[in-house]
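Since this is a predicted model, take the numbers as computed values, not measurements.
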Amino acid sequence: MNTSIIFDMDGTLFRTETILEKALDETFHFLRKNEGWEGDTPIEQYREIMGVPLPVVWETLLPDYSVSVRGAADDYFLNRLIENIRSGNGALYPGVIALFEKLTAMKCTLYIASNGLIRYLEAIVSHYDLHDWITATYSIEHIETLNKSDLVAHIVTTHNIQDGFVVGDRLSDIVAAQTNGLTAVGCRFDFSQEEELRQADHVINRLADLPDILSKSHISVEGN
């Protein structure tokens, strides 16, 4: 049996915190210099909303600023994230490559569905050579809404997925799985919240635990 697994990126495969604070500090330094921002970088506030699309980030962090300023912050932040990835400042979670190798041996088809933008996701996938295992990477930019459930629905329709899993650390991933008839696997990682994880069908503490869930779902290692 060929089973599809749709992974979230930030906080699930990629340790976003390894570049997040640096890129956010650089962005708010830019805002202090050019747009009159006063005060510290709101890193804790950002962590509370981690995983939402970037337009929502800037609406939250810069509520009193114009759309043009938010757009400038968005562009600057994205460029700093990408530069930090390419400079090797980021990191995957432990065991990502080993997991992908094992899932590929199990005849699973792997996808990425992320609220991240296309250029950002391409930087991660390229820097860590994930193309060998990932069939396709989908950004929230691929659909008209900013809804993760709609993004997963787009993947399900595009690839005619009959059954499978969504693996992610936030409620949007869990809801996206369940509204599309897929199994939700919550990741108890850096940005996860226990009240959200309680709504998942399964919860893992490390990526290496995922194959056990597949086995319990009667997916054989040989893919038969």
Side-chain angles (χ1 to χ4, degrees), residues 1 3-17 20 44-57 59-61 92-96 99-100 102-103 106 108-117 121 134 136-219:
M1 179 186 297
T3 295
S4 298
I5 306 177
I6 302 172
F7 287 93
D8 175 46
M9 178 64 87
D10 289 317
T12 299
L13 298 177
F14 185 69
R15 291 185 57 201
T16 316
E17 80 279 3
L20 173 63
E44 291 302 326
Q45 188 179 6
Y46 184 78
R47 285 172 176 161
E48 292 174 1
I49 59 171
M50 180 69 189
V52 303
L54 280 176
V56 179
V57 168
E59 289 173 9
T60 304
L61 300 186
L92 298 176
Y93 275 92
V96 168
L99 173 66
F100 283 179
K102 188 166 188 176
L103 294 178
M106 295 170 71
C108 295
T109 304
L110 311 183
Y111 304 92
I112 290 172
S114 173
N115 283 333
L117 301 184
L121 297 174
I134 299 297
T137 299
Y138 289 89
S139 159
I140 203 70
E141 289 186 284
H142 286 113
I143 60 172
E144 294 183 358
T145 71
L146 296 178
N147 189 302
K148 190 71 166 283
S149 296
D150 293 341
L151 181 58
V152 170
H154 175 67
I155 297 172
V156 167
T157 300
T158 301
H159 297 278
N160 192 29
I161 294 173
Q162 302 300 315
D163 74 295
F165 298 76
V166 175
V167 182
D169 65 318
R170 298 308 302 266
L171 183 61
S172 60
D173 303 302
I174 295 167
V175 172
Q178 296 171 344
T179 57
N180 286 286
L182 305 177
T183 301
V185 179
C187 300
R188 188 178 281 115
F189 296 170
D190 297 289
F191 299 104
S192 62
Q193 298 181 14
E194 285 301 315
E195 62 271 21
E196 296 182 356
L197 293 177
R198 282 194 286 271
Q199 299 185 49
D201 299 301
H202 305 276
V203 176
I204 58 176
N205 295 311
R206 55 182 189 142
L207 290 171
D209 295 334
L210 183 59
D212 288 340
I213 291 174
L214 304 188
S215 297
K216 291 175 183 176
S217 299
H218 309 293
I219 301 172

Provide the closest heavy-atom pair for Thr3 versus Gly164 in the form atom of the first, atom of the second, distance.
-> CG2-CA, 3.9 Å

Roughly how far, to the nearest 0.5 Å, is CG of Leu54 from OG1 of Thr60?
-> 11.0 Å

Tell me, do Leu214 and Ile5 make a side-chain contact under 4.5 Å, heavy atoms counted?
-> yes

Inter- and intrachain pairs under ring-ring contact (aromatic ring centres under 6.0 Å, His included), touching residues 190-215, at least two apart = none

What heavy-atom pair brings Leu182 and Val156 nearest, and what distance separates the two atoms?
-> CD1-CG2, 4.0 Å

Could you go step by step and tell me if Thr183 and Ile213 meet the side-chain contact (heavy atoms from CB on, under 4.5 Å) rule?
-> CA-CA 10 Å; Thr183 301; Ile213 291 174; 5.7 Å; no

Name all residues meeting the side chain to side chain donor-acceptor pair (under 3.5 Å) criterion together with Thr16; count only those two or more places apart in sequence or in a different chain, and write none if there are none.
-> Asp10

Got more than 12 heavy atoms from elsewhere within 6.0 Å of CD, Glu195?
-> yes

Glu194: side chain to side chain contact (heavy atoms under 4.5 Å, CB included) partners, not counting sequence neighbours | Arg188, Leu197, Arg198

Just by distance, do the side chain of Ser139 and the backbone of Gly116 share a donor-acceptor pair under 3.5 Å?
-> yes

Residues 44-51, side-chain donor-acceptor partners within the protein, below 3.5 Å, at least two apart:
residue: Glu44; atom: OE2; partner: Arg47; partner atom: NH1; Å: 2.7
residue: Arg47; atom: NH2; partner: Glu21; partner atom: OE1; Å: 3.4

Go through the structure and list residues passing side chain to side chain contact (heavy atoms under 4.5 Å, CB included) with Thr109, not counting sequence neighbours.
-> Asn2, Ser4, Tyr111, Thr135

Less than 4.5 Å apart, any side-chain heavy atom of Val57 and any of Val52?
-> yes

Would you sort out whether Ile143 and Ile140 count as a side-chain contact (heavy atoms from CB on, under 4.5 Å), showing the intermediate values?
-> CA-CA 6 Å; Ile143 60 172; Ile140 203 70; 4.0 Å; yes

Could you tell me whether Arg206 and Asp209 make a salt bridge, using a distance below 4.0 angstrom between a side-chain N and a carboxylate O?
-> yes

When every non-hydrogen atom of Gly168 is compared with those of Asp8, the smallest separation belongs to CA-CB, 3.8 Å

In terms of heavy-atom contacts, Lys102 and Pro211 come closest through CD-CG, 3.9 Å

OG-CG distance between Ser215 and Leu210, expressed to the nearest 0.5 angstrom = 9.5 Å

By side chain to side chain contact (heavy atoms under 4.5 Å, CB included), which residues pair with Glu59, not counting sequence neighbours?
-> Arg70

Atom CG in Leu99, atom CG in Leu110: separation rounded to 0.5 Å?
-> 7.5 Å

Can you name the side chain to side chain donor-acceptor pair (under 3.5 Å) partners of Thr145, sequence neighbours left out?
-> Asp150

List the atom of Ser149, the atom of Ala176, and the distance in Å for their closest heavy-atom pair.
-> OG-CA, 3.3 Å

Set of side chain to side chain contact (heavy atoms under 4.5 Å, CB included) partners for Asp212, sequence neighbours left out | none

Would you give the length of the straight line joining atom CG of Asn115 to atom CG of Asp173, rounded to the nearest 0.5 angstrom?
-> 8.0 Å

With sequence neighbours excluded, residues passing side chain to side chain donor-acceptor pair (under 3.5 Å) with Glu17 = Arg15

Check salt bridge (charged side-chain N to carboxylate O under 4.0 Å, His left out) between Asp169 and all other residues, then give those that pass, not counting sequence neighbours.
-> none

How long is the gap from NZ on Lys148 to CD1 on Ile174, to the nearest 0.5 Å?
-> 10.5 Å

With rounding to the nearest 0.5 Å, note down the distance linking OG1 in Thr137 to NE2 in His142.
-> 8.5 Å

Answer whether the closest heavy-atom distance between the side chains of Asp190 and Tyr93 falls below 4.5 Å.
-> yes

Tell me, please, which residues at least two apart from Asp201 pass side chain to side chain donor-acceptor pair (under 3.5 Å).
-> none

Quick one: closest heavy-atom pair of Cys187 and Val167, and the distance?
-> SG-CG1, 3.5 Å

Please list, chain by chain and in numerical order, all residues satisfying ring-ring contact (aromatic ring centres under 6.0 Å, His included) with Phe7, sequence neighbours excluded.
-> Phe100

CA sep, side-chain torsions, deciding dist, call: Leu207, Phe189, side-chain contact (heavy atoms from CB on, under 4.5 Å) | CA-CA 10 Å; Leu207 290 171; Phe189 296 170; 4.0 Å; yes

